[in-house]
Amino acid sequence: MNEREFLEWLRSIEAKWQARWRENRIFEANPEPGKPKYFITVPYPYSNAPLHIGHGRTYTIGDIVARYKRLKGYNVLYPMAFHITGTPVLAVSEMISRGDERVVNMYKSYIRYYVGDEGKVNEILESFKNPLNLAVFFAERIQSDFDALGYSIDWRRKFHTGEPIYNKFVTWQYYKLNEKGLITMGDHIVTYCLLHNQPEGEDDIQDADVNPVEILEYTAVKFLEPEWKVYLVAATLRPETIYGVTNLWVNPNVKYLEISFGDEVLIVSEKAYVKLVHQHPEKEIRVLREIPGKGLVGRRVVSPLGKEVIVLPAEFVDPDNATGVVYSEPSDAPYDYVALQELKAKKNMLREYGLNPEIIDSITPIKIIDVPGLSDHHAKIIVEKIGIKSQTDERLEEVSKEGGI
């Protein structure tokens, strides 16, 4: 018997006994007075795609426990359900409806795991424009996969989380917890989807298990522009580094907005304005005027410590990151150090912005942190050791996390 014949023989045995299990309904748990009961479940699989090997590991563990308890004389109930709620299913359905080429090709390949007829593949994909069809399709295939693995599940109990009875059950749970005084109300920061206008938990965000969405809490630092009587708002994760500020950075290629925020007038990026509106619904926030990033370059602002610094251009500034305004502490921040050195080397670009090269050359890092064994500026040592010359060098992100600020 060769290897192929041996595998076919093993699979014939597998198919034989799985058929016997189904015929005799041996995994259906009915009440048996006097027999000890054991209930086991595992997290419902999310049915927006075929299962991967990690699912096989998780559900096999549950099945092993269920079978062990049966052997120990327990009446075991091992049910299964399918998780279909949340935005991942909806997001995929919407991308298919929009004709997103990457997602369309990916889901065609998923359907081909189960369907050989290409015309049928396209028909099923078209049905996925209704998110419920997508979820139900994969739920049914997951059930077949679980059967093929021989799991001892009582399928009479199956349901999905979109069913009205399940939603009623969840509602009932919350009412009961509230009655017992176990639920309190309060304010807390959440991730929020502007497309669907609702808060999102990590499990509701597509691919968040492999690419988590972080909530970062920045400190806003206001720099007064005395002529305009407005504040440029810089954001930082390390406010104590304010003592080493040499200048502000803005992205010259993006749009900034002058906004009224309470009784103050602020300048932030357009994307930051959108976030502020949703983060502070209790405040009246109005747009007063638009300012191109280039129009901020060369302005003089005053730090909270009373020091006057200049606003300079930097392409590394992400308008979608915090306020879109960054204060520069080049002694310890690799991005700031490289951007400053790069700017000093580009005399022609300085003239385009009406900047005096002598003023830029006079800007030097301010050492505020002593690192044992290092007499020079921390950022300078790191970037020169690696050979980083440009603020767009991808290695800057890595060195900033490892040793910069």
Side-chain angles (χ1 to χ4, degrees), residues 41-60 62 79-149 151 153 155 158-171 190-215 271 274-275 278 320:
T41 186
V42 290
Y44 319 144
Y46 197 81
S47 58
N48 67 331
L51 300 184
H52 54 69
I53 192 64
H55 292 99
R57 177 184 182 276
T58 298
Y59 297 106
T60 296
M80 186 56 62
F82 302 99
H83 184 190
I84 72 165
T85 47
T87 52
V89 164
L90 183 60
V92 170
S93 178
E94 288 179 348
M95 285 187 280
I96 291 172
S97 297
R98 293 197 302 267
D100 185 300
E101 187 175 352
R102 181 187 67 85
V103 175
V104 165
N105 289 335
M106 185 191 327
Y107 273 78
K108 279 186 177 181
S109 70
Y110 288 164
I111 298 168
R112 291 188 188 108
Y113 291 155
Y114 308 103
V115 178
D117 184 332
E118 195 63 20
K120 193 68 175 176
V121 169
N122 291 324
E123 180 183 328
I124 293 171
L125 182 75
E126 181 68 19
S127 76
F128 285 178
K129 292 179 179 180
N130 179 334
L132 181 61
N133 291 339
L134 186 154
V136 170
F137 175 85
F138 286 108
E140 291 174 351
R141 272 66 195 176
I142 289 169
Q143 178 173 348
S144 297
D145 291 340
F146 281 173
D147 281 341
L149 287 167
Y151 290 162
I153 294 169
W155 286 112
K158 75 173 180 178
F159 61 90
H160 63 69
T161 57
E163 294 179 23
I165 190 171
Y166 183 79
N167 292 320
K168 289 291 185 182
F169 169 63
V170 173
T171 301
V190 297
T191 52
Y192 191 85
C193 176
L194 296 181
L195 178 63
H196 300 104
N197 289 317
Q198 65 181 34
E200 304 290 355
E202 184 176 291
D203 289 341
D204 292 327
I205 300 172
Q206 187 180 14
D207 298 330
D209 55 336
V210 294
N211 185 22
V213 175
E214 280 188 285
I215 295 177
K271 292 189 175 182
V274 174
K275 296 174 188 176
H278 287 85
D320 197 26

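Since the model is a prediction, treat every value here as computed from it, not as a measurement.
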* Structure fact -> Output for pair (Lys120 NZ, Ile111 CD1), nearest 0.5 Å, gives 11.0 Å
* Can you find a heavy atom in the side chain of Asp145 that is under 4.5 Å from one in the side chain of Tyr114? -> yes
* Over all atoms of both residues, closest heavy-atom pair of Val190 and Pro199 -> CG2-CB, 3.8 Å
* Asked: Quick check, are the ring centers of Phe128 and Phe138 under 6.0 angstrom apart?
  -> yes
* **Rounded distance [0.5 Å steps], CD in Glu140 versus OG in Ser47** => 10.0 Å
* Stepwise, does the side-chain contact (heavy atoms from CB on, under 4.5 Å) test hold for Lys108 with Val104? -> CA-CA 6 Å; Lys108 279 186 177 181; Val104 165; 4.1 Å; yes
* **Phe159-Tyr44 aromatic ring centre distance below 6.0 Å** => yes
* Any side-chain heavy-atom pair from Glu126 and Asn122 closer than 4.5 angstrom? -> no
* How about Ile142 and Phe146: do any of their side-chain heavy atoms sit closer than 4.5 Å? -> yes
* **Distance (rounded to the nearest 0.5 Å) between Asp147 CG and Ile153 CD1** => 7.0 Å
* To do: Would you name the heavy atoms of Asp117 and Gly119 that are closest together and state the gap between them?
  => OD1-N, 2.8 Å
* Kindly say whether Asp320 contributes a backbone atom to a donor-acceptor pair with the side chain of Lys275 at under 3.5 angstrom? => yes
* Donor-acceptor contact present, side-chain Tyr110 to main-chain Asn105, <3.5 Å -> no
* For the pair Thr161 (side chain) and Ile84 (backbone), establish whether a donor and an acceptor sit closer than 3.5 Å, ignoring hydrogens and angles. => yes
* Taking C-beta and beyond as the side chain, do Thr85 and His160 meet within less than 4.5 Å on heavy atoms? -> no
* **Value rounded to 0.5 Å, distance of CG in Leu90 from CG in Leu132** => 11.5 Å
* Asked: Within a radius of less than 6.0 Å around CD1 of Ile53, do more than 12 heavy atoms belonging to other residues, nucleotides or ligands occur?
  -> no
* Asked: Is the number of heavy atoms from other residues, nucleotides or ligands within 6.0 Å of CD1 (Ile165) greater than 12?
  -> no
* Asked: Does Glu94 reach the main-chain N or O of Ala91 with its side chain, forming a donor-acceptor pair under 3.5 Å?
  -> no
* In terms of the angle between their ring planes, are Tyr59 and His55 parallel, tilted or perpendicular, with boundaries placed at 30° and 60°? -> parallel
* Could you tell me whether the side chain of Asn48 and the main chain of Pro88 form a donor-acceptor pair under 3.5 Å? => no
* Quick one: are Met80 and Val42 in side-chain contact, heavy atoms under 4.5 Å? -> yes
* Polar side-chain atom of Ser93 near backbone of Val89 as donor-acceptor pair, under 3.5 Å -> no
* To do: To the nearest 0.5 angstrom, please state how far the CD1 atom of Ile96 sits from the OH atom of Tyr107.
  => 6.5 Å
